[in-house]
Visitor: 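Please read through the structure below; I'll follow up with questions.
Heads up: numbering here begins at 1 and tracks the sequence.
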Amino acid sequence: MIFKLKTAKRTQNIFCEIERSTHLKPYTLVKHAIAWSLKEGTPADKFNYDTNGQELNRQTIMGEFDEYFKVLIEQVEGRHLTDDEFFPKYVKAHIDRGAIILESRFKHAGNMDKYVLEALGVGDTV
């Protein structure tokens with residue numbers, strides 16, 4: 001069983017940029033990225049094989065919610081995933097895709113307060 005993954009370099013850069021302005025750590029941003037990717041509601045069928053980014057371990061990403069994340073990703077993917085498929089392949093795919101969405105949402109919002117409101121679906125920032 002694999003317990004670590006490496007993000008794409010672009011994902012690492014996005015996390016670093018957002019961390020500089022918000023002080024949110026990658027272990028928080030990775031959860032936002034997965035959530036935005038899952039919200040797309042479509043399979044992450046394009047895998048970014050670039051592994052030149054940040055190394056993250058499974059416990060840091062999922063914590064006690066490992067099974068919950070797996071069920072959500074399986075639902076979006078429309079099929080059962082073996083543990084080896086789920087982590088790191090599909091988790092990485094959703095992190096990398098979600099980081100791009102996160103970056104776009106954050107830039108569109110302009111600041112942390114507006115981003116939070118947009119993420120909650122409140123206000124007219126969407």
Visitor: From Gln54 CD over to Cys16 SG, what is the distance, rounded to the nearest 0.5 angstrom?
Guide: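 These two atoms lie 6.5 Å from each other.
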Visitor: Check whether Ile14 and Val116 end up in the same hydrophobic cluster, where Ile, Leu, Val, Met, Phe, Trp and Tyr are linked by side-chain heavy atoms less than 4.5 Å apart.
Guide: yes
Visitor: Taking atom types as modelled and ignoring hydrogens, do the side chains of Asn111 and Asp113 form a donor-acceptor contact shorter than 3.5 angstrom?
Guide: no
Visitor: Taking NZ, NE, NH1 and NH2 as the nitrogens, is one of them in Asp66 or Arg58 under 4.0 Å from a carboxylate oxygen of the other?
Guide: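 Salt bridge between Asp66 and Arg58, a charged N being under 4.0 Å from a carboxylate O: yes.
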Visitor: Identify the heavy atoms of Lys6 and Gly53 that sit nearest to each other, and give their distance.
Guide: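 Of all heavy-atom pairs spanning Lys6 and Gly53, the closest is CE-O, 3.2 Å.
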Visitor: Show the numbers, then the answer: is there a side chain to side chain contact (heavy atoms under 4.5 Å, CB included) between Phe69 and Val91?
Guide: CA-CA 9 Å; Phe69 277 100; Val91 171; over 6 Å; no
Visitor: Is it true that a side-chain atom of Asn48 and a backbone atom of Ala8 form a donor plus acceptor pair closer than 3.5 Å?
Guide: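 No; judged by distance alone, with no hydrogens or angles, the pair does not exist.
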Visitor: If you measure from CZ on Arg10 to CD1 on Ile100, what distance do you get to the nearest 0.5 Å?
Guide: 4.0 Å
Visitor: So that I can tick it off, tell me whether Glu55 and Lys4 are bridged by a salt bridge, with the cut-off set at under 4.0 angstrom between side-chain N and carboxylate O.
Guide: yes
Visitor: Roughly how far, to the nearest 0.5 Å, is the OG1 atom of Thr28 from the CD1 atom of Ile18?
Guide: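 Ile18 atom CD1 to Thr28 atom OG1 measures 11.5 Å (nearest 0.5 Å).
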Visitor: Would you tell me whether Arg97 and Thr11 have side-chain atoms, one donor and one acceptor, within less than 3.5 Å of each other?
Guide: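 Short answer, no.
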Visitor: For the backbone of Leu81 and the side chain of Lys70, can you confirm whether one donor and one acceptor N or O come within less than 3.5 Å of each other?
Guide: yes
Visitor: Apply side chain to side chain contact (heavy atoms under 4.5 Å, CB included) to Tyr115 and Leu102, showing your working.
Guide: CA-CA 10 Å; Tyr115 168 76; Leu102 171 62; 3.2 Å; yes
Visitor: Evaluate the side chain to side chain contact (heavy atoms under 4.5 Å, CB included) criterion for residues Ile34 and Ile61: first the C-alpha distance (whole Å), next the side-chain angles of each, then the deciding distance (0.1 Å), finally the verdict.
Guide: CA-CA 10 Å; Ile34 292 171; Ile61 297 168; 3.8 Å; yes
Visitor: Any idea which heavy atoms bring Ala99 and Ala33 closest together, and the distance?
Guide: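 Looking at all heavy atoms of both residues, the shortest contact is N-CB, 3.5 Å.
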Visitor: Taking all heavy atoms of Phe86 and all of Met62, pick out the closest pair and write down the distance.
Guide: CZ-CE, 3.6 Å
Visitor: Give a yes or no on whether Leu29 and Phe65 share a hydrophobic cluster (residues Ile, Leu, Val, Met, Phe, Trp, Tyr; joining criterion: side-chain heavy atoms under 4.5 Å apart).
Guide: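 Yes; Phe65 is reachable from Leu29 via cluster members.
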Visitor: Would you mind checking if Arg79 and Glu85 are paired as a salt bridge, meaning a charged N to carboxylate O distance below 4.0 Å?
Guide: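 Looking at Arg79 together with Glu85, the answer is yes, because their closest N to O distance falls below 4.0 Å.
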Visitor: Tell me, please, whether Phe47 has Lys92 positioned over its six-membered ring: NZ or CZ under 6.0 Å from the ring centre and within 45 degrees of its axis?
Guide: no
Visitor: Give a yes or no on whether a salt bridge exists between Lys107 and Glu103, defined as a side-chain N under 4.0 angstrom from a carboxylate O.
Guide: yes
Visitor: Would a single hydrophobic cluster contain both Tyr68 and Val30, if residues Ile, Leu, Val, Met, Phe, Trp and Tyr are joined by side-chain heavy-atom contacts under 4.5 Å?
Guide: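 Yes: a chain of side-chain contacts under 4.5 Å links Val30 to Tyr68.
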Visitor: So Phe15 and Ile95, do their side chains get closer than 4.5 Å, heavy atoms only?
Guide: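 Contact flag for Ile95/Phe15 side chains = yes.
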Visitor: Determine, using the 4.5 Å side-chain heavy-atom cutoff (strictly less than), whether Val71 and Trp36 are members of one ILVMFWY cluster.
Guide: no
Visitor: Can you tell me how far apart NE2 (His94) and CD1 (Ile101) are? Round to the nearest 0.5 Å.
Guide: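 Between atom NE2 of His94 and atom CD1 of Ile101 there are 10.0 Å.
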Visitor: Could you tell me the separation between the CD1 atom of Ile2 and the CG atom of Asn57, rounded to the nearest 0.5 Å?
Guide: 13.5 Å
Visitor: Would Leu24 and Glu19 count as a side chain to side chain contact (heavy atoms under 4.5 Å, CB included) here? Give the steps.
Guide: CA-CA 5 Å; Leu24 292 175; Glu19 181 179 7; 5.8 Å; no
Visitor: Roughly how far, to the nearest 0.5 Å, is the CD atom of Gln59 from the CD atom of Glu64?
Guide: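 CD of Gln59 is found 8.5 Å from CD of Glu64.
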